[in-house]
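None of these values were measured; they are calculated from a predicted model.
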Amino acid sequence: MKEGGAETRRVRAGTLFLVLFALTIPAANWLILHAGTVCLRDGPCLIPVARGLMAPSGVTMIGIALVLRDLVQRRLGVGIAAGAIIGGSLISALLAPPALVLASAVAFLLSELADLIVYTPLARRRLVFAVVASSMAGLVVDSVVFLWLAFGSLDFLPGQIVGKAWMVLLSIPFLAWLRRRDHRLGILPA
């Protein structure tokens, strides 16, 4: 394949990942207050993430957001990924319910920065490992910061971590396929 074709594919995929990344933010904010098997009074809607373990429903989108941020960086570069983090924090603050604005924005900013810091040195050698390791770092930061700021409690911490980790682990087959496809098509990381 011509170099220009690979470059076009890289940018198109990166743009798609960027749009999907941005969409996870309002989706997480909506889910946490509207969708779950149980919705607590003045609290989050919960979903089961493991036997006997519940988590706020937004965990599904946050796990996906961490993976997508890594893919944005892989396709569009660290500068665009850093801009996406700042933009995502602003979107989170603007779209979050009033009670969750600070928690949502700060947790998003800090978790995505943790993800970026871990992902960046690992990304060129081992994509799947880099995404999993950075996402795990980011999901722990997100869980602790969000729960503490939003609810003043870490009661749902195990569920938050497990719920987000499920989403990261479910992404592994896609990441492995993407890595093989990139190699086959000559698509290099940004």
**Message:** With rounding to the nearest 0.5 angstrom, report the CD1 to OG distance, I91 to S104.
**Reply:** 11.0 Å

**Prompt:** Going by the disulfide (SG to SG under 2.5 Å) test, which pairs reach into residues 62-155, not counting sequence neighbours?
**Reply:** none

**Qualifying residues under side-chain contact (heavy atoms from CB on, under 4.5 Å), relative to R180, sequence neighbours excluded** = A176, W177

**Prompt:** Hey, what do you get for CZ (R69) to CG (D115), rounding to the nearest 0.5 Å?
**Reply:** 4.5 Å

**Request:** Quick one: list whatever passes ring pair (Phe, Tyr, Trp, His ring centres under 6.0 Å) with F156, sequence neighbours left out.
**Result:** none

**Prompt:** Between the side chain of S153 and the main-chain N/O of L147, is any donor-acceptor distance below 3.5 Å?
**Reply:** no

**Prompt:** side chain to side chain contact (heavy atoms under 4.5 Å, CB included) between F174 and L71: does it pass, once the steps are laid out?
**Reply:** CA-CA 11 Å; F174 173 73; L71 295 177; 3.8 Å; yes

**Message:** Taking disulfide (SG to SG under 2.5 Å) as the cut-off, I'd like each qualifying pair that reaches into residues 89-186, sequence neighbours left out, listed once.
**Reply:** none

**Item:** Within-4.5 Å side-chain heavy-atom neighbours: Q73 and I80
**Value:** no

Pairs under 3.5 angstrom only: tabulate donor-acceptor contacts from the side chains of residues 52-60 to other protein residues two or more places apart or in another chain.
from, atom 1, to, atom 2, distance (Å)
S57, OG, L31, O, 2.5
S57, OG, I32, N, 3.4
S57, OG, A35, O, 2.7
T60, OG1, S57, O, 3.1

**Message:** Going by side-chain contact (heavy atoms from CB on, under 4.5 Å), name the residues that satisfy it together with A103, two or more places apart in sequence or in a different chain.
**Reply:** F146, L149, A150

**Request:** Could you tell me whether the side chain of F151 reaches within less than 4.5 Å of the side chain of L40, counting heavy atoms only?
**Result:** no

Considering only distance and modelled atom types, tabulate donor-acceptor pairs under 3.5 Å from the side chains of residues 13-23, sequence neighbours left out.
from, atom 1, to, atom 2, distance (Å)
T15, OG1, V11, O, 2.9

**Item:** Cluster overlap V118 with L127, hydrophobic side-chain contacts below 4.5 Å
**Value:** no

**Message:** Nearest 0.5 angstrom please: S134 OG to F129 CZ, how far?
**Reply:** 9.5 Å

**Item:** Partners meeting side chain to side chain donor-acceptor pair (under 3.5 Å) with D182 (sequence neighbours left out)
**Value:** R74, R75

**Request:** Using modelled atom types only, decide if a donor and an acceptor are shared between the side chain of S111 and the backbone of F108 within a distance under 3.5 Å.
**Result:** yes

**Asked** disulfide (SG to SG under 2.5 Å): which pairs involve residues 28-132, sequence neighbours left out?
**Response** C39-C45

**Fill in**
With sequence neighbours left out, the residues meeting side-chain contact (heavy atoms from CB on, under 4.5 Å) with M136 are V132, L139, A165, V168, L169

**R179 CZ to R126 CZ distance, which is reported to the nearest 0.5 Å** = 10.0 Å

**Message:** Just verifying a value: how many Å separate T24 OG1 and N29 CG, rounded to the nearest 0.5 Å?
**Reply:** 9.5 Å

**Complete:** Residues at least two apart in sequence or cross-chain that pass side-chain contact (heavy atoms from CB on, under 4.5 Å) with L113, listed by chain then number, are I85, L109

**Prompt:** Counting only heavy atoms not in R181, do more than 12 sit closer than 6.0 Å to its CZ atom?
**Reply:** yes

**Message:** With rounding to the nearest 0.5 angstrom, report the CD1 to CD distance, I187 to E7.
**Reply:** 9.5 Å

**Residues in salt bridge (Lys or Arg N to Asp or Glu O under 4.0 Å) contact with D70, at least two apart in sequence or another chain** = none

**Prompt:** Out of curiosity, does L46 fall in the hydrophobic cluster containing W148 (side-chain heavy atoms, cut-off under 4.5 Å, transitive links)?
**Reply:** yes

